[in-house]
Participant: 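First the structure, which I've put down as structure tokens, then a few questions once you've had a look.
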Amino acid sequence: MSSFFTGIATIAGAFILYQFSKKMYSMKPSPFTMPIFLSTASIVIFLILTGIPYETFMIGGQWIDIFLGPIVVSLAVPLYREIHLIKKYAGAISIGIFAGSLTGVLTGIAGAKLFGFESWLIQSVAAKSVTAPIAISITDTAGGNVSLAAVFVMIAGVSGAMFGPVILKICRIQHPIARGLSFGTASHAIGTAKALENGKIEGAISVLSMTISAVFVSFLVPIFLAIM
Amino acid sequence: MKYFIMILQISVLFLFNFIGQLIQGYFSLSIPGSLIGMLLLFCLLFLKILPLVWVQTGVDFLLKDIPFFFIPVTVGVVQYLSFFYGKGSLIILLVVISTFFVIGVSGTITNFLLKKEVKSYE
């Protein structure tokens with residue numbers, strides 16, 4: 001019974017914190033007030049200070065988790081709404097997604113080698129740009145550590161959503177299709193959430209990019225792990 | 001009534017997720033079930049078998065607050081804090097820099113190709 005109340009309290013707490021973060025972000029927009037970052041950082045600090053284990057947090061957290069599958073399903077709708085645009089620019093879009101997927105795998109593996117990391121770590125970092133369930137299965141096949149891979153996926157997602165707008169500005173990337181594509185290819189569903197905030201076209205292209213890049217990356221990772 | 005429709009529509013999304021997982025399990029595919037569910041829903045919408053209004057309200061409700069649903073997974077980082085002390089922190093830096101490269105490269109190339117395409121129409 002007590003675990004029931006722990007669960008309810010966790011969900012309510014997380015929801016209030018999220019709403020508060022949203023308000024903070026609208027008052028003072030910055031990468032560090034982004035709801036996903038601010039909420040996560042506050043909860044992590046709270047858990048460390050109180051010594052509450054992650055498992056206890058997940059008594060309630062698992063009920064939020066079960067929505068992740070249906071959310072991925074629901075991304076079919078923005079994709080469907082903008083399908084005419086995707087058809088029109090199919091060539092540029094597929095080249096862009098391929099270039100991004102290749103960059104992610106190459107810089108991930110090359111950087112890890114440069115820093116002198118062990119091979120299991122290199123195998124765990126290679127698939128970080130794609131959505132967690134796919135990254136996990138790629139990493140598993142490659143021989144890396146799957147739970148650590150999931151952490152890298154989260155870091156790629158949150159950092160891309162936080163600083164993506166700055167990078168796009170520096171590189172003078174203005175076309176909404178190019179912008180959405182960057183978010184989806186680099187930062188999967190978390191980047192897509194950000195792209196959807198920016199506009200319908202950006203959101204739809206981001207959905208498409210996270211789906212297609214997942215397919216590209218699952219082919220690229222084993223190839224480059226073997227030859228590099 | 002509005003909430004009833006919304007809950008019903010979200011249940012439809014759960015159903016698609018479930019069917020996707022069944023398909024994945026049956027054919028032991030490496031693509032996650034949720035993604036199969038998404039492609040399935042997309043096909044039904046595209047072929048006009050399932051009208052958009054059947055899921056629209058539920059979808060818009062979920063998509064408005066996607067980041068909220070990611071909180072539990074991202075909080076999972078807390079289990080690996082000790083790994084990231086010392087040399088492990090370098091790998092965070094690597095993941096972040098590599099992500100920036102992906103954004104810059106894919107965006108610049110796509111932006112360039114789209115500009116060229118528009119020009120060739122003129």
Side-chain angles (χ1 to χ4, degrees), chain A residues 14 18 35-36 39-40 43-44 47 54 57-58 61 64-65 67-77 79-80 89 92 95-96 99-100 103-104 107-108 111-112 115 125 128-129 133-134 137 151-152 154-156 158-160 164 167-168 171 173 175 177-178 181-182 185-186 190 193 196, chain B residues 10 13-14 16-17 20-21 30-35 37-39 41-42 45-46 52 55-56 58-59 62-63 65-81 83 90-92 94-111 113-115 117:
Chain A
Y18 173 73
I36 183 75
S39 311
T40 304
I43 295 173
V44 166
L47 293 181
Y54 179 66
F57 170 76
M58 280 312 281
I64 305 176
D65 252 4
F67 281 91
L68 288 177
I71 282 179
V72 172
V73 171
S74 72
L75 293 173
V77 171
L79 193 61
Y80 168 71
Y89 299 112
I95 294 172
T103 308
T107 54
F115 285 149
V125 85
K128 56 144 188 16
S129 313
I134 301 181
S137 76
V151 173
F152 297 146
M154 289 307 134
I155 297 171
V158 176
S159 64
I167 313 279
L168 294 176
C171 300
I173 298 160
H175 201 295
I177 292 182
L181 188 145
S182 305
T185 309
I190 298 179
L196 277 166
Chain B
I10 292 175
L13 299 172
F14 269 95
F16 271 94
N17 185 44
Q21 278 167 348
S30 59
I31 313 164
S34 56
L35 218 60
M38 182 189 100
L39 293 172
L41 175 62
F42 175 79
L45 289 170
F46 189 70
L52 184 58
V55 288
Q56 191 158 264
V59 165
L62 285 185
L63 292 190
D65 284 309
I66 302 181
F68 172 70
F69 298 100
F70 280 107
I71 293 175
V73 200
T74 46
V75 170
V77 174
V78 77
Q79 296 166 288
Y80 297 93
L81 286 181
F83 172 81
L90 273 178
I91 206 148
I92 299 185
L94 170 67
V95 171
V96 173
I97 293 172
S98 167
T99 302
F100 291 173
F101 268 109
V102 177
I103 296 177
V105 170
S106 61
T108 307
I109 289 177
T110 317
N111 208 42
L113 291 174
L114 290 171
K115 260 198 256 170
E117 208 158 311

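Reckoned from all heavy atoms, side chains included, excluding hydrogens, waters and symmetry mates. Chain letters run A, B, ... following the sequence lines, proteins first and then strands; every chain starts at 1.
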Participant: Please find the pair of heavy atoms, one from Val73(B) and one from Met154(A), that lie closest to each other, and give the distance.
Facilitator: CG1-CE, 3.5 Å

Participant: Identify, with sequence neighbours excluded, every residue that meets ring-ring contact (aromatic ring centres under 6.0 Å, His included) alongside Tyr80(A).
Facilitator: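 Testing Tyr80(A) for ring-ring contact (aromatic ring centres under 6.0 Å, His included), a comparison that skips the adjacent residues, returns none.
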
Participant: If you count heavy-atom pairs under 4.5 Å with chain B, which of Gly164(A), Gly111(A), Cys171(A) comes out on top?
Facilitator: Gly111(A)

Participant: Out of Gly96(A), Ala76(A), Ser129(A), return the one with the most heavy atom pairs under 4.5 angstrom to chain B.
Facilitator: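 Most heavy-atom pairs under 4.5 Å with chain B: Ala76(A).
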
Participant: Give the minimum heavy-atom separation between Leu114(B) and Ala92(A), together with the two atoms involved.
Facilitator: CD2-CB, 3.9 Å

Participant: Given a strict heavy-atom distance threshold of 4.5 Å, which part of Leu45(B) is in contact with chain A: side chain, backbone, both, or neither?
Facilitator: both

Participant: Which atom names give the shortest non-hydrogen contact between Ser98(B) and Gly104(A), and what distance separates them?
Facilitator: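 Taking Ser98(B) first and Gly104(A) second, the nearest heavy atoms are OG-O, 3.5 Å.
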
Participant: What closest approach, in Å, do Ile36(A) and Ile71(B) show between heavy atoms, and which atom pair accounts for it?
Facilitator: CD1-N, 4.2 Å

Participant: Only pairs of heavy atoms separated by less than 4.5 Å count here; which of Leu35(B), Val59(B), Val75(B) has the most with chain A?
Facilitator: Val75(B)

Participant: Taking atom CD1 of Ile103(B) and atom OG1 of Thr185(A), what is their separation to the nearest 0.5 Å?
Facilitator: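 So the gap between those two atoms works out to 9.5 Å.
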
Participant: For chain A, which of Val78(B), Ile91(B), Leu39(B) has the most heavy-atom pairs under 4.5 Å?
Facilitator: Ile91(B)

Participant: Top residue by heavy-atom pair count (under 4.5 Å) with chain B, among Val158(A), Val125(A), Leu75(A), Leu79(A)?
Facilitator: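 Among Val158(A), Val125(A), Leu75(A), Leu79(A), the one with the most close pairs to chain B is Leu79(A).
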
Participant: At their closest point, which heavy atom of Ile173(A) faces which heavy atom of Asn111(B), and how far apart are they?
Facilitator: CA-ND2, 3.7 Å

Participant: With the side chain counted from C-beta on, respond yes when Lys128(A) and Thr99(B) share a heavy-atom pair under 4.5 Å apart, and no when they do not.
Facilitator: yes

Participant: Applying side-chain contact (heavy atoms from CB on, under 4.5 Å) to Ile190(A) and Thr74(B), what does each step give before you reach the verdict?
Facilitator: CA-CA 10 Å; Ile190(A) 298 179; Thr74(B) 46; 4.3 Å; yes

Participant: Heavy-atom pairs under 4.5 Å with chain B - which of Leu68(A), Leu47(A), Leu168(A) has more of them than the others?
Facilitator: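 Max contact count across the listed options: Leu68(A).
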
Participant: Heavy-atom distances under 4.5 Å only: say whether Leu13(B) touches chain A with side chain, backbone, both or neither.
Facilitator: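 Contact with chain A: backbone and side chain both.
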
Participant: Could you report the tightest heavy-atom contact between Gly100(A) and Ser106(B), atom names first, then the distance?
Facilitator: CA-CB, 3.7 Å

Participant: What distance do Ser182(A) atom OG and Phe100(B) atom CZ have between them, rounded to the nearest 0.5 Å?
Facilitator: 13.0 Å

Participant: How long is the straight-line distance from OG1 of Thr103(A) back to CZ of Phe101(B), given to the nearest 0.5 Å?
Facilitator: 9.0 Å

Participant: What residue in Ala112(A), Ala99(A), Ala156(A) has the most heavy-atom pairs under 4.5 Å with chain B?
Facilitator: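 Most heavy-atom pairs within the cutoff with chain B belong to Ala156(A).
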
Participant: Quick one: which of Ile97(B), Leu41(B), Val55(B) has the most heavy-atom pairs under 4.5 Å with chain A, could you say?
Facilitator: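 Heavy-atom pairs under 4.5 Å are most numerous for Leu41(B).
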
Participant: Which residue out of Val77(B), Ile92(B), Leu90(B), Leu81(B) racks up the most heavy-atom pairs below 4.5 Å with chain A?
Facilitator: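 Of the options given, most contacts go to Leu90(B).
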
Participant: Among Val44(A), Ile64(A), Thr107(A), which residue forms the greatest number of heavy-atom pairs with chain B at distances under 4.5 Å?
Facilitator: Ile64(A)

Participant: What orientation do Phe69(B) and Phe67(A) show, parallel under 30°, tilted 30 to 60°, or perpendicular over 60°?
Facilitator: tilted

Participant: For the interface with chain A, which of Leu62(B), Thr108(B), Asp65(B) has the highest count of heavy-atom pairs at distances below 4.5 Å?
Facilitator: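 Greatest number of close heavy-atom pairs with chain A: Asp65(B).
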
Participant: For the interface with chain A, which of Phe83(B), Phe16(B), Phe70(B) has the highest count of heavy-atom pairs at distances below 4.5 Å?
Facilitator: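 Max contact count across the listed options: Phe70(B).
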
